[in-house]
Amino acid sequence: MSRFCLQRLFVAPCLVSLLVSLLASLPARAAEPPARSPGSPVTVMDNQGRVLKTLQEPPSKESLAAKAAEEERQREKAKADAEQARKDRILLDSYTTEAEIDLARNRASHALEQQMEIARSYIASLAKRQAELQKRKAELGAKGLPPAEEQDLDRLQAEMEAQNASLVQKKQDLDRVVARYAADQRRWQEISEKQRLARPSAASAAPAK
């Protein structure tokens, strides 16, 4: 029994030593480089692991298209900002107070309203003359109106249609004028508020006593 134990004690260290020797003799397995995502730069290194240069992959068609679209968007935004700044300068040069905008709107609206009133009066006179000729035509019956009066009746109908179309156009013009001055007033208020907030208050600007 003691002899068997001595043999086990002798063999075990030998086996361990043999395994260590075998493992040491195996070639070292190089670590696999981490996976590289598409489009990421490629690093070139020498045998000692020093970085020699970095190669950037050419951009894809999708990235080039996205870059071009973004540049175009930036150009359009810059153009729109410049145009808005120009309109703001004109607006501030045109009106110094909000009341001046109301006054200009009222003048423009009143001029169109007067034109519409004149057109309505003219249409009413045409309708009256048309009614007279139609009554006369009905009274004459089969005999009918004289050629000159029949032509006059046709002319009245065409003129009334033209005047009604003009009246509709003037109403649309009036709506646009009111909307434009309302937009100018809102923008004038926005600019004035921004300027007011940008100016330091008198209390904060004054030196403390």
Side-chain angles (χ1 to χ4, degrees), residues 39 56 58-135 149 151-209:
Q56 188 72 36
S60 63
K61 292 182 179 180
E62 291 76 9
S63 62
L64 288 175
K67 182 180 179 182
E70 177 62 20
E71 291 175 351
E72 179 64 21
R73 189 186 69 81
Q74 292 293 339
R75 283 193 295 268
E76 291 297 326
K77 183 178 182 302
K79 186 187 300 184
D81 291 343
E83 178 63 16
Q84 186 61 58
R86 184 187 68 83
K87 291 180 179 180
D88 290 344
R89 287 193 299 270
I90 295 175
L91 184 62
L92 293 176
D93 291 341
S94 301
Y95 309 107
T96 56
T97 64
E98 195 172 344
E100 291 180 357
I101 301 177
D102 292 332
L103 183 62
R105 181 200 59 220
N106 293 339
R107 282 200 301 263
S109 300
H110 183 64
L112 285 170
E113 288 168 352
Q114 281 186 322
Q115 294 174 16
M116 292 169 64
E117 187 61 32
I118 292 172
R120 292 190 189 96
S121 298
Y122 183 44
I123 291 172
S125 65
L126 292 174
K128 181 179 180 182
R129 176 58 180 164
Q130 183 187 50
E132 292 173 353
L133 288 175
Q134 289 174 341
K135 180 180 179 181
E149 291 184 348
Q151 292 176 0
D152 194 23
L153 189 60
D154 294 338
R155 182 189 64 80
L156 288 170
Q157 181 62 33
E159 183 66 15
M160 287 179 62
E161 292 175 356
Q163 289 298 320
N164 280 315
S166 176
L167 188 61
V168 171
Q169 182 62 49
K170 285 182 172 57
K171 178 62 170 63
Q172 294 175 350
D173 293 341
L174 178 61
D175 293 340
R176 280 193 290 268
V177 165
V178 173
R180 178 171 63 84
Y181 278 100
D184 286 347
Q185 193 168 43
R186 286 193 300 271
R187 184 58 184 168
W188 191 92
Q189 291 170 346
E190 292 173 2
I191 298 172
S192 299
E193 181 65 14
K194 289 180 180 179
Q195 291 179 342
R196 185 187 67 82
L197 294 175
R199 290 192 300 267
S201 62
S204 60
K209 296 183 180 180

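We number each residue from 1, following the sequence as shown. None of the values given here were measured: they were computed from a predicted structure.
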*Sub-4.5 Å side-chain heavy-atom contact between R105 and I101*: no
*Give, for atom CD of E193 and atom CD1 of I191, the distance between the pair rounded to the nearest 0.5 Å.*
12.0 Å
*Is it true that K170 and D173 make a salt bridge, defined as a side-chain N closer than 4.0 Å to a carboxylate O?*
no
*Could you state the interatomic distance from CE (M160) to OH (Y122), rounded to the nearest 0.5 Å?*
10.5 Å
_Closer than 3.5 angstrom, by distance alone: can the side chain of S192 be matched with the main-chain N or O of W188 as a donor-acceptor pair?_
yes
_Looking only at side-chain N and O atoms, does E161 offer a donor or acceptor that is under 3.5 Å from a partner on Q157?_
yes
*Taking the side chain as every heavy atom from C-beta outward, state whether Y95 and Q185 have any pair of such atoms under 4.5 Å apart.*
no
*Distance from L133 atom CG to Q130 atom CD, nearest 0.5 Å?*
8.0 Å
*Nearest-0.5 Å distance that lies between atom CG in L91 and atom CZ in R86*: 11.5 Å
*Does a salt bridge link K135 with E132, judged by any charged N lying under 4.0 Å from a carboxylate O?*
no
*Reported NZ-to-CZ distance for the pair K79 and R75, which is rounded to 0.5 angstrom*: 9.0 Å
*State the NZ-CE distance between K171 and M116, to the nearest 0.5 angstrom.*
6.5 Å
*Under 3.5 Å, is there a donor-acceptor pair linking the side chains of Q74 and E70?*
yes
_I'd like to know if D152 pairs up with R155 as an ion pair, taking the criterion as any Lys NZ or Arg NE/NH1/NH2 lying under 4.0 Å from an Asp or Glu carboxylate oxygen._
yes
*Going by an N to O cut-off under 4.0 Å, is there a salt bridge joining R73 and E76?*
no
